Amino acid sequence: MREKLELVCPAGTPAAFRAAIDAGAHTISCGFNDETNARNFPGLNFSREEMAQSIKYAHRKDAKVLIAINTFPRAGAFSRWSQAVDDAARLGTDAVILADLGLLDYASHRHPTLRLHLSVQAAAANADAIEFYAKSFGVRRVVLPRVLSVPEIAAINRKISVETEVFIFGGLCVMAEGRCSLSSYATGKSPNMNGACSPASHVEYREEAGELVSRLGGFAIHRSAAGAAAPYPTLCKGCFEAGDYRGHVFEDPASLDAASLIPQLAEAGVTALKIEGRQRSRAYTEAVVRSFRKALDDHAGGRPIIAGQLRDLTEGQQTTSGAYRKAWR
Amino acid sequence: MTQRKFALTLGPLLFNWPADVFADFYARIADEAPVDRVVIGENICSKRTHLYADAMVSAIERLQCGGKQVVLSSLAMVTLERERRAARKLFDQTSLEIEIDDLTLMNWVRPETPFSIGPLVNVYNEATLTFLAGKGARRFCLPPELPIASIGTLARAAAKAGAGVELFAYGRIPLAISGRCYHARIHGLSKDSCQFICEQDADGLSVRTLDGADFLAINGVQTLSHKYCNLIGDLDLLATAGVTSLRLSPHSGDFVAVTRAFAEVASGTLSPKQGLARLQQVAPERDYSNGFLFGACGAAALPAV
């Protein structure tokens, strides 16, 4: 038997939380229903009471809970975020996922036994950055940014003293996470400050001259033939013109599916694999978790992994192994 | 000369300019620009560093002769081994202050050697600012997306910690950084064999929507705003908030004139309206914005003065 990788799954609602655990998730990542987490969407995430119940459910089933408090606290309102850390600790979370230096400093002093994970929003992309967080705050695990290749991840793991977690499936940030203000430039709302990227409140679809145009903050992000599926206008995945180029300037719309790389990621010393998408439906979460749990069990048991089974669930039906196989380097 | 309300800092050159243009630019800044500090060195792409390594040595000497404080810039995102080595090497010397734009460099700072924090480090609240000040940070150029209320709170925290707050006041706004090079991508090149194609665009390459609306600009791995941040009409507001210095980010054209306009408005010899008129005269094609300051959206146009 090989060493088992930990499967970390997102949950945006208590129902999705239970479904993910029942489908085989080892660990659930989730957040409170406010601007303290980077998936701050209407109707999503957990009240304190829901969180308390969910943590109890997870612990009964031998699963772990990670609470993401991974936006950057607003100046003058730090106590809203520090209170979230206090509440997470009080409710018995297994770890908190943080990005902000001030909040990490607070948590490490106020809750010395609370396990700290570094959010991908901190964009710690090399061994020295990771060691800085480990030394300064006792961070125990780092979620790696989605800009690294498998050999780069292996090299990092050889140098650091803490665990790493990498994304295996779901949406991809094109830019370095936590270092992007594109959304606030167009809408005034940003992932760092408000926990929302390209927010639905600023989206507009309009038919113009036989085309369906989707706009964000008034800027056209996509134009598609009427009747064709209009993609959600996530800013960095839009079609633009630059010089003579016309098309996806930043990234082709594809979502991450690195199932086929599970053996290589294990070999690279990764501890946990993370599925993106706290904003997804319960059915989506359940299907993805079931498929990946099977893949991990197959890997641990020395059986081949069957990849590509989740194609129907991915955005635009196209998948990529992202930076893990760096074709564009 | 009238006392100025702000120190003026020339930010690092974000674009890939030919070595001779680079040398001429800094020579003019050294001799003629009323700036107090100059942050110099590659901030965006480590592949560019060798293109002007020689020009940089003489630029630093000339700037110092011109009475400017020289601060060494560092990479916005350190990933490769050679980038880590280069970043670490910056700390071999202690005569020049270093500006940190990636927290990787925090490993090598010494509390007795003051350093500054650049606009790409996420300093959004007092706790983060105080933590970094405790490690020796003496100046913070704040993230450009912060609204004025946050800036005021952070400036008070900085003053308490014996540090100063600087604000990005002129230039295309750095919005994002990526592992991928967009100049290479849109020219059908890979990052490793990019032919330094970004050299074609002295102020970045504009990205338009399919409606033809100007929107963003690309600069290698960096994405900037199409509009130029321009806070020349907001200096009183910034002074009240406790901002102590202004960052002017290098662009093509007569940049000495840009620095003079800010210096003269800051000292009260020009009105904000006259200052803006001067800037419009220097570069009539540029669109300006101060939207981030008011918490609406960064792309909001400058109101008429």
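Everything numeric here is computed off the predicted structure, so don't read it as measured data. Below, read A as the first sequence line, B as the second, and so on, with proteins coming before strands; counting in each chain starts at 1.
- Contact detail for B:Y182 and A:V249: the closest heavy-atom pair is CD2-O, 3.5 Å.
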Checking side chain to side chain contact (heavy atoms under 4.5 Å, CB included) for the pair B:N125/A:W81: CA distance, chi angles, key distance, verdict?
CA-CA 11 Å; B:N125 56 70; A:W81 278 259; over 6 Å; no
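- The contact between B:P147 and chain A is made entirely by side chain atoms (from C-beta outward), counting heavy-atom distances below 4.5 Å.
- In this structure, B:R208 and A:G243 approach most closely via the heavy-atom pair NH2-O, 3.9 Å.
- Contacts between B:T153 and chain A at a heavy-atom distance below 4.5 Å involve the side chain alone, from C-beta outward.
- Counting heavy-atom pairs under 4.5 Å between each of B:R185, B:H187, B:E126 and chain A puts B:R185 at the top.
- Here the closest heavy-atom approach between residue A:A176 and residue B:M77 is recorded as CB-SD, 3.7 Å.
- Rounding to the nearest 0.5 Å places CD1 of B:I173 at 11.0 Å from CG of A:L182.
- Using a 4.5 Å cut-off between heavy atoms, B:T223 touches chain A through its side chain atoms alone.
- Interface residue A:S184: backbone and side-chain heavy atoms are both found under 4.5 Å from chain B.
- Using a 4.5 Å cut-off between heavy atoms, A:L235 touches chain B through its side chain atoms alone.
- Across all their heavy atoms, A:C180 and B:A176 have their closest contact at SG-CB, 3.9 Å.
- The two atoms that bring B:N107 and A:A129 nearest to each other are ND2-N, 4.0 Å, heavy atoms only.
- Using a 4.5 Å cut-off between heavy atoms, B:F215 touches chain A through backbone and side chain atoms alike.
- In this structure, B:R88 places its CZ atom where only 12 or fewer heavy-atom neighbours from other residues, nucleotides or ligands lie under 6.0 Å away.
- Of the two parts of A:I221, only the side chain, counted from C-beta on, holds a non-hydrogen atom closer than 4.5 Å to a non-hydrogen atom of chain B.
- Among B:D102, B:T79, B:T104, the single residue meeting the side-chain hydrogen bond (donor to acceptor under 3.5 Å, both in side chains) criterion with A:N126 is B:T104.
- Side-chain contact check for B:W108 versus A:D128: some heavy-atom pair is nearer than 4.5 Å.
- Looking at B:P143 and A:F72, their side chains never come closer than 4.5 Å, going by heavy atoms from C-beta outward.
- Taking the side chain as every heavy atom from C-beta outward, B:L210 and A:E241 approach each other to under 4.5 Å.
- Of the two parts of B:I151, neither the backbone nor the side chain holds a non-hydrogen atom closer than 4.5 Å to a non-hydrogen atom of chain A.
- Side chains of A:D100 and B:N122: no donor on one and acceptor on the other come within 3.5 Å.
- Of the inter-residue distances, the one linking B:L224 atom CG with A:S181 atom OG reads 11.0 Å to the nearest 0.5 angstrom.
- Residue A:Y106 does not touch chain B at all, counting heavy-atom pairs closer than 4.5 Å.
- Of the atoms belonging to A:S82, not a single heavy atom falls under 4.5 Å from chain B.
- When atom types are taken as modelled, the side chain of B:T128 and the backbone of A:G102 share a donor-acceptor pair closer than 3.5 angstrom.
- The number of heavy-atom neighbours closer than 6.0 Å to CG of A:D244, taken from other residues, nucleotides and ligands shown, is 12 or below.
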With side chain to side chain contact (heavy atoms under 4.5 Å, CB included) as the test, would you mind laying out the steps for B:L80 and A:E152 before giving the verdict?
CA-CA 9 Å; B:L80 303 174; A:E152 286 167 345; 4.1 Å; yes
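- Within the 4.5 angstrom heavy-atom criterion, only side-chain atoms of B:L132, from C-beta onward, approach chain A.
- In this structure, chain A has a heavy atom under 4.5 Å from the side chain of B:E81, while its backbone stays farther away.
- Interface residue B:L205: only side-chain heavy atoms are found under 4.5 Å from chain A.
- The side-chain heavy atoms of A:R223 and B:D211, taken from C-beta on, include a pair separated by under 4.5 Å.
- Around atom NZ of A:K159, more than 12 heavy atoms belonging to other residues, nucleotides or ligands sit under 6.0 Å away.
- If you measure heavy-atom distances from A:Y245 to chain B, the contacts under 4.5 Å come from the side chain alone.
- In this structure, B:L103 and A:L101 have side chains that are in contact, with non-hydrogen atoms separated by less than 4.5 Å.
- Taking both residues in full, the closest heavy atoms of B:V207 and A:A242 are given as CG2-CB, 4.1 Å, listed atom of the first, atom of the second, then distance.
- Proximity to chain B involves both the backbone and the side chain of A:H248, based on heavy atoms less than 4.5 angstrom apart.
- Ring to ring, B:Y124 and A:F78 are not that close: their centroids are 6.0 angstrom or more apart.
- Annotation: side chain of B:V109 is not in contact with side chain of A:F132 (no heavy-atom distance under 4.5 Å).
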Pair B:E145-A:K189, salt bridge (charged side-chain N to carboxylate O under 4.0 Å, His left out): steps then yes or no
CA-CA 10 Å; B:E145 74 169 0; A:K189 303 279 180 207; over 6 Å; no
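- Using a 4.5 Å cut-off between heavy atoms, B:L216 touches chain A through its side chain atoms alone.
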